[in-house]
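Each remark here refers to the structure printed beneath this line.
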Number of protein chains: 2
Amino acid sequence: MTFEEFKQQHRFSMESICRDFYHANKNRLKIKKEEVVVRNLSNIVETTLAISIRKGFDAMSLRDLSRESGLSMGALYSYFASKEELLYLIQDFGQRTVKTHLEAELRDITSPLEKLRAFIRAHLYLSELMQQWFYFFFMETRAMDKQDRKRSIESELMTEKIVIEILQDGKAAQVFSIQDELLTAGAIKALMQDWYLKRWKFRQRNVNVDMYADYITGMIETSILDT
Amino acid sequence: MTFEEFKQQHRFSMESICRDFYHANKNRLKIKKEEVVVRNLSNIVETTLAISIRKGFDAMSLRDLSRESGLSMGALYSYFASKEELLYLIQDFGQRTVKTHLEAELRDITSPLEKLRAFIRAHLYLSELMQQWFYFFFMETRAMDKQDRKRSIESELMTEKIVIEILQDGKAAQVFSIQDELLTAGAIKALMQDWYLKRWKFRQRNVNVDMYADYITGMIETSILDT
DNA sequence: GTCTATAGCCGGATAGAC
DNA sequence: GTCTATCCGGCTATAGAC
């Protein structure tokens, strides 16, 4: 699996994510025309991510968002009831999308080693396609209210739990040699996370996602494969 | 070297950092009495870090800071001229402190392997003693103005550069077997960073800094030592 | 559906009493 | 040195015209 192949199989865009959102929330939305909703919502979410990544969601005023998206304050408020709801909307739909695509990629793989490799690649590739979202989740978790923050942390621990289980299976099958699955899973997570937290650095150094995937899978396998 | 030993050798506290700051900025400060400055400034910085870590520096109002520190708005403004200057002050003095202690720890070590081990440990131990500061730097870099952000990024790349140089020395001395020093240094940095970014997770799992240091040095050495 | 205008509030900052 | 009172600008949110 390379990034190109992954991209072909998981074709999705801001528009497709927002279209899903429209269908899931048709009744709650003030605006009724699908095309209008998809166009404006894509614009709103894209612009919000861009500004938030630059200076933080809290520091972004709705006037900023209005100016950069080209929509008036009034128009913005027909897509969400409050700034807080906008945050919720992005978090909720982003994480749903991630979950769906990750699970699709892991289905039907049983061998622990193959599963670990597939998971690392799928997660890296997803975080490449949705870099802004991943970065946003990481940075804005603490800006959320208690309830949203809890869901965000659970989502973070969930991906780690998947890794822990793969490691345990591999250990039981005597494919992996691991002393502490929790520490190992944490280290794997940290290496995957670095890809979207330091995207600018890798770009500067001309490292692409396939090179990074090869590098960290090599490093991880060296440290856990029974020899 | 264990964390206990490091702590003994590098005794420092919020008070000592603020006392250094007092002596360096004596002339610029409105308040003249050393003890008053040290007491209030420690309180201000400590409280700012605590609130910012909880919800972000930008989301912290000076009224929040006033309430939680017990100082009035007027009193706060006799220690800094603006909220922006408060951010600068914390960043500047924090990074100065980190730099001083890191350099002290690396002096006199020449062997690449020993140097790498010493650096990883020193950085982890420092980030344990100054966890709030490290977390703050990472999260608030983007909230800074252009100039401060530049300094912050340089400081980040500086620590990575130290690692790159150690790796190159070790490669030249045929102690390390490394294909790509930049990727390797980045991975080491990511693993070190995880300690202060996910402090809550490690606490929950009863992992202390010495255990973590042992774990990641083991993992790193497995991946780079010539055998 | 989208816009403009504005209500009402909260933030950073300061003046002047003690 | 520290406090309270206050200014004013910018913020979220909404009402009502088009």
Side-chain angles (χ1 to χ4, degrees), chain A residues 18 21-22 25-45 47-48 51-52 54-90 140 143-145, chain B residues 18-19 21-22 25-45 47-48 51-52 54-90 140 143-145 148:
Chain A
C18 289
F21 179 83
Y22 168 80
N25 298 65
K26 223 182 269 194
N27 39 347
R28 293 203 303 104
L29 283 165
K30 279 184 204 158
I31 318 288
K32 295 301 169 194
K33 279 194 194 153
E34 175 167 345
E35 285 319 307
V36 176
V37 172
V38 172
R39 173 169 31 89
N40 286 336
L41 208 54
S42 298
N43 183 355
I44 291 170
V45 173
T47 312
T48 301
I51 303 175
S52 299
R54 202 187 315 137
K55 58 179 181 176
F57 182 80
D58 197 90
M60 174 192 80
S61 73
L62 292 181
R63 283 180 171 83
D64 290 338
L65 180 56
S66 165
R67 192 175 349 97
E68 297 198 22
S69 68
L71 289 157
S72 67
M73 291 289 286
L76 291 179
Y77 272 92
S78 40
Y79 293 92
F80 49 79
S82 66
K83 195 183 172 189
E84 202 185 332
E85 194 185 286
L86 172 61
L87 177 59
Y88 172 80
L89 180 158
I90 292 178
E140 303 302 342
M144 296 169 188
D145 65 33
Chain B
C18 289
R19 198 174 301 275
F21 179 83
Y22 168 80
N25 299 66
K26 225 182 269 195
N27 38 347
R28 293 203 304 106
L29 283 165
K30 280 184 205 160
I31 317 286
K32 294 300 167 195
K33 280 194 195 152
E34 175 167 346
E35 285 319 308
V36 176
V37 172
V38 172
R39 172 168 34 89
N40 285 337
L41 208 54
S42 299
N43 181 357
I44 291 170
V45 174
T47 311
T48 301
I51 301 175
S52 299
R54 202 187 316 139
K55 58 178 181 178
F57 182 79
D58 198 273
M60 174 192 80
S61 73
L62 291 181
R63 283 177 172 80
D64 290 339
L65 180 55
S66 164
R67 193 176 347 98
E68 296 198 24
S69 68
L71 289 157
S72 67
M73 291 288 287
L76 291 179
Y77 272 91
S78 37
Y79 294 93
F80 49 78
S82 66
K83 195 183 173 188
E84 201 184 334
E85 193 184 286
L86 172 61
L87 178 59
Y88 172 80
L89 180 158
I90 292 178
E140 303 302 342
M144 295 167 189
D145 65 33
D148 289 359

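Please read these numbers as outputs of a predicted model, since none were measured by experiment. Note on naming: letters A, B, ... go to the chains in the order of the sequence lines (proteins, then strands), and numbering restarts at 1 for each one.
- The separation between B/Phe57 atom CZ and C/dG11 atom P is 14 Å, rounded to whole Å.
- A 4.5 Å side-chain heavy-atom check between A/Lys55 and A/Ile51 finds at least one atom pair inside the cut-off.
- Look at CE on A/Met60: it is 18 Å from P on D/dG10, rounded to the nearest Å.
- Across all strands shown, B/Lys30 has no heavy atoms under 4.0 Å from either base or sugar-phosphate atoms.
- Whole-Å rounding puts the A/Leu71 CG to C/dT2 C1' distance at 9 Å.
- Salt bridge present: A/Arg54 and A/Glu68 bring a charged side-chain N and a carboxylate O closer than 4.0 Å.
- If you take CD1 of A/Ile51 and C1' of D/dC11, they are 15 Å apart, rounded to a whole angstrom.
- Comparing D/dA13, C/dC3, C/dA13 by their nearest atom to the side chain of B/Lys83 picks out C/dA13.
- For the contact set between residues 62-70 of chain B and DNA chain C, defined by any heavy atom under 4.0 Å, the members are B/Leu62, B/Arg63.
- Closest heavy-atom contact between A/Met144 and A/Leu87: CG-CD2, 3.8 Å.
- Contact annotation for B/Ser72: base contact, defined as any heavy-atom pair under 4.0 Å involving a base atom.
- Across the protein-nucleic acid pair, B/Leu76 atom CG and D/dG1 atom P stand 16 Å apart, rounded to whole Å.
- Between B/Leu76 and the options B/Thr47, B/Leu65, B/Asn40, a side chain to side chain contact (heavy atoms under 4.5 Å, CB included) holds for only B/Leu65.
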Where do N or O atoms of nucleotides 14-18 of chain D meet protein N or O atoms at under 3.5 Å, pair by pair?
none

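- Applying a 4.0 Å cut-off to non-hydrogen atoms, none of the residues of residues 36-43 of chain A approaches DNA chain D.
- Of the candidates C/dG1, C/dG12, D/dC3, C/dG1 carries the atom nearest the A/Ile31 side chain, counting heavy atoms from C-beta on.
- For A/Lys32, the NZ atom sits in a packed shell: over 12 heavy atoms of surrounding residues, nucleotides or ligands are nearer than 6.0 Å.
- Counted within 6.0 Å of CD on A/Glu84, heavy atoms from surrounding residues, nucleotides or ligands total 12 or fewer; the atom is thus considered open.
- The distance from atom CZ of A/Phe80 to atom P of D/dA13 is 8 Å, rounded to the nearest whole Å.
- With rounding to the nearest 0.5 Å, the separation of CZ in A/Phe80 from NZ in A/Lys30 is 10.0 Å.
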Query - Stepwise side-chain contact (heavy atoms from CB on, under 4.5 Å) check, A/Val45 with A/Phe21 - result: CA-CA 12 Å; A/Val45 173; A/Phe21 179 83; over 6 Å; no
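- For D/dG1, the OP1/OP2 oxygens have no side-chain nitrogen or oxygen of B/Tyr79 closer than 4.0 Å.
- Here the closest non-hydrogen pair linking B/Tyr79 and B/Leu89 is O-CD1, 4.2 Å.
- Between B/Glu35 and B/Arg19 there is a salt bridge, with a side-chain nitrogen of the basic residue lying less than 4.0 Å from a carboxylate oxygen of the acidic one.
- The two residues A/Phe57 and A/Glu140 come nearest to each other via the heavy atoms N-OE2, 3.0 Å.
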